[in-house]
Trainee: 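Submitted below is the structure of interest, expressed as structure tokens.
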2 protein chains.
Amino acid sequence: MPKEATKDALLAAARTEFAAYGIAGARVDRIAERAGVNKERIYGYFGSKEKLFDQVVVTALNEVVEAVAMMPGDDPAEYVGKLYDFHLAHPDLTRLLMWESLHYRDDDLQGQEQRVASWNGKATSLAAGLGAESSRETARTMLTLVGLAVWPTAMPRLSRLALGEETATEEGRAAMREHLVTFVRAALGR
Amino acid sequence: MPKEATKDALLAAARTEFAAYGIAGARVDRIAERAGVNKERIYGYFGSKEKLFDQVVVTALNEVVEAVAMMPGDDPAEYVGKLYDFHLAHPDLTRLLMWESLHYRDDDLQGQEQRVASWNGKATSLAAGLGAESSRETARTMLTLVGLAVWPTAMPRLSRLALGEETATEEGRAAMREHLVTFVRAALGR
DNA sequence: ACGGTATCCAACCAACCAGTTGGATGTCAA
DNA sequence: TTGACATCCAACTGGTTGGTTGGATACCGT
């Protein structure tokens, strides 16, 4: 089998395992088994468990930064709604972001400059839409909008404490989405 | 030495270790060493690593639920500001909440009913302050307010991507606090 | 003095786990 | 046919780690 197919299978299995257990709780044997590949191939292709984790996390970071577009003039409230939907649909991604936040310290992962640039592009689009100069304040607003969108999925147990089982229903999620959109509209005066 | 003192030393050491590394990455030997206690005492007093983690997490959850009061008539924007300050001052707590969110599934930890009651009390106070009935919508607002307050501390790497090194300065933190307070005031129409 | 209790310890153990080794098999060009 | 290369594997290794064992010491009441 072509080596690219084996690597992809390992990456997919690693993503599932790291999303569920983080790097310390994940098991290399389980990753290999889920991929249907010998675990020596993990070391052959990626070098170490840590390097495999790095690659999975970098892929996830790049994916989330590009997940929902934000163009000049786009409605920031709708952006938050879409991002909320995206994270609901991709809980593995949300969890990987949390493991990433907890695991790394000050080191920047590969591709950080592109992610910064992509983020700044969104902040600039947001500023244009608000009729404001792109500034630190719009960067803070961008961070806040992302936080609003991700929080309910990032903290499912807190969500359940606050809202009970409705968090697991379609109506409950629609209500949360509506709440977020309304909250952002009011905050940004639109 | 009284056994309560030994237990407290172990709990404090465990909190530091679990906050830094989570349950899978934490090491029982390190906890014991940091506490200046034999590691057999961990099993004597707590039973297992998992049970020690449970206790540390429950303590943290109870602490954060009571961290900042929210009484009827209190300014929700100021509540967010104070909660933001609290999490800045207690990053270990924020990290523990994240490990908790990632580690547990559907099981409720000890004291869940009290935490739900405490949360509902705050949501009721919020509703009173907004001149609204306590409802699902105010529970969602409560969850959103907490998310706003905790997000910057919970995601330091994303914050740094968005804002660079200013996240580590006093001015930067003050600016973030001001931003959050302003955002919430606008959102809630006050 | 002695036995019971409280509190603790150093050394140990068995299982686990990341990573390595010493190959195998298939393909292809010379 | 053969050697080089690509891709992979089962078994192994050495270190780690959660948890246990077989005690020790101090104190106190009888």
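Side chains are part of it too, since the values below use all heavy atoms of this structure and drop only hydrogens, waters and symmetry mates. Numbers restart at 1 for each chain; the letters A, B, ... are given by sequence-line order, proteins then strands.
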Trainee: Looking for any heavy atom pair under 4.0 Å, which part of the strands does A:Ala5 touch: base, sugar-phosphate only, or nothing?
Mentor: nothing
Trainee: Side-chain N or O of A:Arg27 less than 4.0 angstrom from OP1 or OP2 on C:dA18?
Mentor: yes
Trainee: From the set C:dT7, D:dG19, D:dC9, return the single nucleotide nearest to any side-chain atom of B:Thr6.
Mentor: C:dT7
Trainee: How many whole angstroms separate atom CG of A:Asn38 from atom C1' of C:dT21?
Mentor: 12 Å
Trainee: Base, sugar-phosphate, or nothing: which does B:Ala26 touch, judged by heavy atoms less than 4.0 Å apart?
Mentor: sugar-phosphate
Trainee: Going from CG on B:Leu161 to CG on A:Asn120, what distance comes out if it is rounded to the nearest 0.5 angstrom?
Mentor: 7.5 Å
Trainee: Let's see if you can work this out: which of C:dG19, D:dC9, D:dG18 has an atom nearest to the side-chain heavy atoms of A:Ser48?
Mentor: C:dG19
Trainee: Counting only side-chain nitrogens and oxygens, does B:Tyr43 get under 4.0 Å of the OP1 or OP2 atom of D:dG19?
Mentor: yes
Trainee: Count the heavy atoms of every other residue, nucleotide or ligand shown that sit under 6.0 Å from CD of B:Glu78, and state whether that count exceeds 12.
Mentor: yes
Trainee: When the distance from CZ of B:Phe46 to P of C:dT7 is rounded to whole Å, what number comes out?
Mentor: 14 Å
Trainee: From the options D:dG19, D:dT7, C:dT20, select the nucleotide whose nearest atom is closest to the side chain of A:Glu40.
Mentor: C:dT20
Trainee: Using the rule given for side-chain contact (heavy atoms from CB on, under 4.5 Å), can you reason through A:Met155 versus A:Val150, listing the C-alpha separation, both sets of side-chain angles and the distance that settles it, and then say yes or no?
Mentor: CA-CA 9 Å; A:Met155 308 299 279; A:Val150 181; over 6 Å; no
Trainee: Mind calculating the distance between NZ (A:Lys7) and P (D:dT7) to the nearest angstrom?
Mentor: 10 Å
Trainee: Send over the distance from B:Arg41 CZ to D:dG19 P, rounded to a whole Å.
Mentor: 15 Å
Trainee: Taking the side chain from B:Arg160 and the backbone from B:Thr167, do they hold a donor-acceptor pair closer than 3.5 Å?
Mentor: no
Trainee: Round to a whole Å and report the spacing from CG of B:Leu52 to P of D:dT17.
Mentor: 17 Å
Trainee: Just how far, in rounded Å, is C1' of D:dT17 from CD of B:Glu50?
Mentor: 16 Å
Trainee: Please confirm whether B:Arg30 makes a cation-pi placement over B:Tyr21, using NZ or CZ under 6.0 Å from the six-membered ring centre and within 45° of the ring normal.
Mentor: yes
Trainee: Donor-acceptor pair under 3.5 Å: do we get one between B:Lys39's side chain and the base of D:dG19?
Mentor: yes
Trainee: Among C:dT7, D:dG18, C:dC9, which is the nearest nucleotide to the side chain of B:Lys3?
Mentor: C:dT7
Trainee: Whole angstroms only, please: what is the CZ-C1' distance between B:Arg30 and D:dG18?
Mentor: 13 Å
Trainee: Record whether the side chain of A:Asp29 comes under 3.5 Å of the base of C:dA18 through a donor-acceptor pair of N or O atoms.
Mentor: no
Trainee: Could you state the atom-to-atom distance from OH of A:Tyr21 to C1' of C:dC16 in whole Å?
Mentor: 16 Å
